[in-house]
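Notes to accompany the following structure.
From a predicted model like this one, the values you see are computed outputs, not experimental measurements.
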Amino acid sequence: MEVAQCYLDGNADAVEFCTHEPYHNVLAAATYTLQEGDRPSRTGSISLFDVNPDVGRFELFYRVETVGIFDIKWSPVVGNVGPMLAQADADGYLRVHGLECCSNGGDSLSLREIVGEKISSSMCLCVDWNPSTTSISVGLSDGSVSVVSFSESQLNVIQEWKAHDFELWAASFDIHQPQLVYTGSDDCKFSCWDLRDGPSNLVFQNSKVHKMGVCCIAKSPKDPNILLTGSYDEYLRLWDVRSISKPVNETSVCLGGGVWRVKHHPYVPGVVLAACMHNGFAVVTIDEEKGEVMETYTKHGSLAYGADWQRGNLSHKVKQNSSVVATCSFYDRLLQIWIPESSVVKQL
């Protein structure tokens, strides 16, 4: 069910709902636009929206122009640390923004850049926080991965190594074992690295299962043994990582388009949202025995790239509007807010 839509000011490639209370209504959307010509440039933006379907509110309240952005990620909820948004951009910069009230008073919010550092001459393609928000992993266009410490408004590269042969589109911390980082690349390899060694020690590297590049990696927040990968080969794969040196591919499901992004439902185990590039978006249930597409969403007219679930209030049972989804598509610059019809996301 469609709730709202708008067109962004550039090619839309990432959407992320804020993970922190009381800001679950805040949606960040990022863009990347290549300006071709004799002197090509890459421009972008971050837009913040107030999304509250219960009262029919969908409002743009902040926008900042940037260089072209490939990925954004809100910080996990840790202690009294407020919400921060990490940005990976085409100029090789990692930037961290804080969400805060505007300096002119009132209830309006904005982003303030806390720190920004050029960490590579290559482009920064993906970004992920470790669970304690003390470090950030960044995948680079030359196949390298950087691990950057974050403390007291400072960024310092503490490790960087050549992890893959081509563009590195996924570099994700293991949320249950944060000394581990998983990476995936256009070289079709899916790898795991142990940060306790320097340079990082290769725990495993699988080069046989994915038939095309690995686009995304997502550890299950509920089950420490389960991890998902998505690939250009159109398959969403579930891995059992109990034997970390040799993970087992338990289940695969073809989604009919390159699986660019996967997001676990914040409360319903085994339910994921997938951005399927040339085949729209899909709500999928997946377990060790099978994967099944429960619903597809095809109201976008271009590459399906950005997708996320809105967090809700767990003090009451899941109701119709508790599984709100934001999706965005690239060339048509479309941002959609919708609610899945599938009954699997309407009950805990």
Please check if the distance between the ring centroids of Trp338 and Tyr297 is under 6.0 Å. yes
Applying salt bridge (charged side-chain N to carboxylate O under 4.0 Å, His left out), can you list everything that pairs with Arg237, at least two apart in sequence or on another chain? Asp233
Please work out whether the ring planes of His210 and Phe190 are parallel, tilted or perpendicular, with thresholds of 30° and 60°. perpendicular
Contacts of Phe166 that satisfy side chain to side chain contact (heavy atoms under 4.5 Å, CB included) - sequence neighbours left out: Ser185, Asp186, Asp187
Would you say His164 and Thr183 are linked by a side-chain donor-acceptor pair, where the criterion is simply a distance under 3.5 Å? yes
Ring centre gap for His300 and Phe281 strictly below 6.0 Å: yes
Would one find more than 12 heavy atoms of other residues, nucleotides or ligands at under 6.0 Å from atom CD of Glu36? no
Pair Thr298, Thr296: side-chain N/O donor-acceptor within cut-off below 3.5 Å: no
Examine the side chains of Tyr331 and Asn11 and answer whether a donor and an acceptor come within less than 3.5 Å of each other. no
Got a sec, which residues hit salt bridge (charged side-chain N to carboxylate O under 4.0 Å, His left out) with Glu152, two or more places apart in sequence or on another chain? none
Other members of the hydrophobic cluster containing Val81, with the 4.5 Å side-chain heavy-atom rule, please. Met84, Leu94, Val96, Ile114, Val115, Ile119, Val127, Trp129, Ile136, Val138, Leu140, Val148, Phe150, Leu155, Val157
Applying side chain to side chain contact (heavy atoms under 4.5 Å, CB included), can you list everything that pairs with Thr251, at least two apart in sequence or on another chain? Leu238, Ile286
Residue Tyr232 excluded, over 12 heavy atoms near OH under 6.0 Å: yes
What residue pairs, at least two apart or across chains, pass salt bridge (charged side-chain N to carboxylate O under 4.0 Å, His left out) with a residue in residues 68-85? Asp71-Arg261, Lys73-Asp128
Give a yes or no on whether the ring-centroid distance for Phe61 and Phe49 is below 6.0 angstrom. no
